[in-house]
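Worksheet: the structure to be examined is printed underneath.
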Protein chains: 2
Amino acid sequence: MSTHNTVEIKEPARRRKEARPAELLAAALDVFAEKGFAATRLEDIATRAGVSKGTVYLYFDSKEALFKAAIETAMIPAIEAAEAIANDAGKPAAALLRSFVFGWWERIGTTSLGAVPKLLVAESGNFPEVARWFHEEIISRALRAMARVIAIGIERGEFRPIEPTLAARIVFSPIFSIIVWRRTFADCAAGLPDPHVFLDAAVTLLTDGMVIQAKEAK
Amino acid sequence: MSTHNTVEIKEPARRRKEARPAELLAAALDVFAEKGFAATRLEDIATRAGVSKGTVYLYFDSKEALFKAAIETAMIPAIEAAEAIANDAGKPAAALLRSFVFGWWERIGTTSLGAVPKLLVAESGNFPEVARWFHEEIISRALRAMARVIAIGIERGEFRPIEPTLAARIVFSPIFSIIVWRRTFADCAAGLPDPHVFLDAAVTLLTDGMVIQAKEAK
DNA sequence: GATAAATTACTGACCGTTCAGTCATTATTT
DNA sequence: AAATAATGACTGAACGGTCAGTAATTTATC
């Protein structure tokens, strides 16, 4: 881990006031996601960010403040990007839904942001305010965007008249599952399906159904 | 919390060698699920089980051993019950699938067992062996059972020829989501749908699809 | 442009607290 | 009274947070 192929030379401390907060937040998100809040040592975060423990306290008041900041700064840009996709209303609803799902996967699932849902599941009991914030500012907005896509589909006569909010939650479950699942069972990689294949199949099932419709379909 | 409406009387210590392990395991599962492994104090578990800290060490070697035992003893009976449902092969495949989903929800989601998935998501990084065990002994078996139900549906010409294992994972996502979600955002209960309504809608969407099939359906 | 003075980002030894695990003692059962 | 279940004060290690000290950088002076 700390063994390089070159001899470890103690770098002189560089002063980079501007870059520190972002570096600390990124390091914090990684380590918190890996170990959880309580099991994370502040010194690990500091080391990963290339500074000493004391430096963390120049930029953040406490471990808890760093935790909250790491989650919030990570998610806010993501939700805005996700909403943008839903407004691209040219395509047929089914296609829009598909690109929404894949957009969400690319933006969250494949990046370090994917750590946030896992972290929230783990720590909601210890940080109910963070859970509430996330629910109101991120989940609600994402569901609304997705529900709008579905409502458009219904309006246009492409979809059955289902409850859009409920359907949105259902469409989200495969995304949520694959994001959390991959990070939880990363070691058991052998058994896990390719995320694209999984999500593609999930969208297809949700739109077309598993059942072979009778010839004289209603 | 520890304030009752009756005055707290110090009960004399009763000796109940037989009942202790199960009581400790149940208490441990609760507290671990609520706070996570690192943030849980052994004394909290002991208190909830109605004993003192020292007693825990009469029955378990360490905090870690208690953690592993709590997860394993909780899940083993559950997976066996779940497999039993899948073998009840009389009904049409779609109905079998529906009762499998609801059976899983009743057996896991509504009981203290629902804590286990959440706990695993939270702690897989710190306990990779437990994650691997869970993946092999629980998830794989559950997926196999569900895949068998789907394969039967395909054989009988009720379902399209989809990949059963992949479809099984997809069917599991709403169950996984609702179980983990409810426990994560229990406080934000206002926005959450009724689990039965959610799961019913999910199964319907997965079997029948969202899209209105053309009259001359293939 | 060189040197000194002032500033401040950064460090890491230290302190106080918390908690897993121990064990001498007490309480209960047989 | 022998056996053993249960207790809780105690110990040692780990870690969040502090702060006196160090050194990189900027500003002031000649």
Side-chain angles (χ1 to χ4, degrees), chain A residues 1-2 8-32 34-70 119 123 125-127 130, chain B residues 2 8-32 34-71 119 123 125-127 130:
Chain A
M1 176 138 303
S2 62
E8 190 93 37
I9 299 291
K10 181 77 173 61
E11 291 282 327
R14 302 246 61 86
R15 293 159 51 116
R16 300 186 308 116
K17 187 180 167 55
E18 291 71 28
R20 295 299 186 217
E23 288 170 356
L24 284 166
L25 289 168
L29 191 60
D30 281 358
V31 185
F32 281 140
E34 192 181 311
K35 297 193 198 292
F37 179 81
T40 293
R41 289 178 308 136
L42 227 17
E43 198 145 8
D44 287 345
I45 294 175
T47 304
R48 184 168 309 203
V51 297
S52 70
K53 188 168 56 152
T55 300
V56 178
Y57 286 90
L58 297 177
Y59 297 100
F60 299 94
D61 287 345
S62 64
K63 190 185 184 185
E64 194 170 323
L66 179 58
F67 177 76
K68 292 176 182 172
L119 207 38
E123 300 295 345
N126 298 318
F127 298 94
V130 178
Chain B
S2 61
E8 189 95 35
I9 299 292
K10 182 77 174 63
E11 290 282 326
R14 304 242 60 87
R15 293 160 52 119
R16 301 187 308 118
K17 188 178 167 49
E18 293 70 29
R20 294 300 186 216
E23 289 169 356
L24 284 165
L25 289 169
L29 191 60
D30 281 358
V31 186
F32 280 140
E34 193 181 309
K35 297 193 198 292
F37 179 81
T40 293
R41 289 177 311 135
L42 226 19
E43 197 144 10
D44 288 345
I45 294 174
T47 304
R48 183 168 309 203
V51 298
S52 70
K53 187 167 59 150
T55 300
V56 178
Y57 286 90
L58 296 178
Y59 298 99
F60 299 94
D61 287 345
S62 64
K63 189 184 184 186
E64 194 171 322
L66 178 58
F67 178 76
K68 292 176 183 173
I71 289 181
L119 206 40
E123 301 294 347
N126 299 317
F127 297 95
V130 178

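Order of the sequence lines fixes the chain letters, A, B, ..., with proteins taken first and strands second; residue numbering starts at 1 for each chain.
- Atom CG of B:Leu24 is separated from atom P of D:dA5 by 14 Å (rounded to the nearest Å).
- Listed pair A:Tyr59 / C:dC10 meets the phosphate criterion, a side-chain N or O lying under 4.0 Å from OP1 or OP2.
- Whole-Å rounding puts the B:Lys63 NZ to D:dA13 C1' distance at 14 Å.
- Between B:Ile45 and B:Ala27, the closest heavy-atom pair is O-CB, 3.8 Å.
- Each of A:Leu29, A:Leu42, A:Thr40, A:Asp61 was checked for a side chain to side chain contact (heavy atoms under 4.5 Å, CB included) with A:Leu66, and the lone residue meeting it is A:Leu42.
- Atoms CZ (A:Phe37) and C1' (D:dC15) sit 12 Å apart, rounded to a whole Å.
- Rounded to whole Å, the distance from CG on A:Leu66 to C1' on D:dC15 is 15 Å.
- Remark: C1' of C:dC10 and CZ of A:Arg16 are 12 Å apart, rounded to the nearest angstrom.
- Between the CG atom of A:Leu58 and the P atom of C:dT11 there is a distance of 9 Å, given to the nearest Å.
- Residue A:Asp61 contributes atom CG, which lies 16 Å from atom C1' of D:dC19 at whole-angstrom precision.
- The CZ-P distance, from A:Phe60 to D:dG17, rounds to 13 Å in whole Å.
- In this structure, CZ in A:Phe67 is found 4.5 Å from CG in A:Leu119, a value given to the nearest 0.5 Å.
- To the nearest 0.5 angstrom, B:Phe37 atom CZ is 4.5 Å from B:Lys63 atom NZ.
- Within a heavy-atom distance below 4.0 Å of DNA chain C, the residues of residues 42-57 of chain B found are B:Leu42, B:Lys53, B:Tyr57.
- Looking at heavy atoms from C-beta onward, A:Glu123 lies out of side-chain contact with A:Val130 at the 4.5 angstrom threshold.
- Contact annotation: A:Arg20 side-chain N/O to C:dC10 OP1/OP2 distance is under 4.0 Å.
- The distance from the NZ atom of A:Lys35 to the CZ atom of A:Arg41 is 7.5 Å, given to the nearest 0.5 Å.
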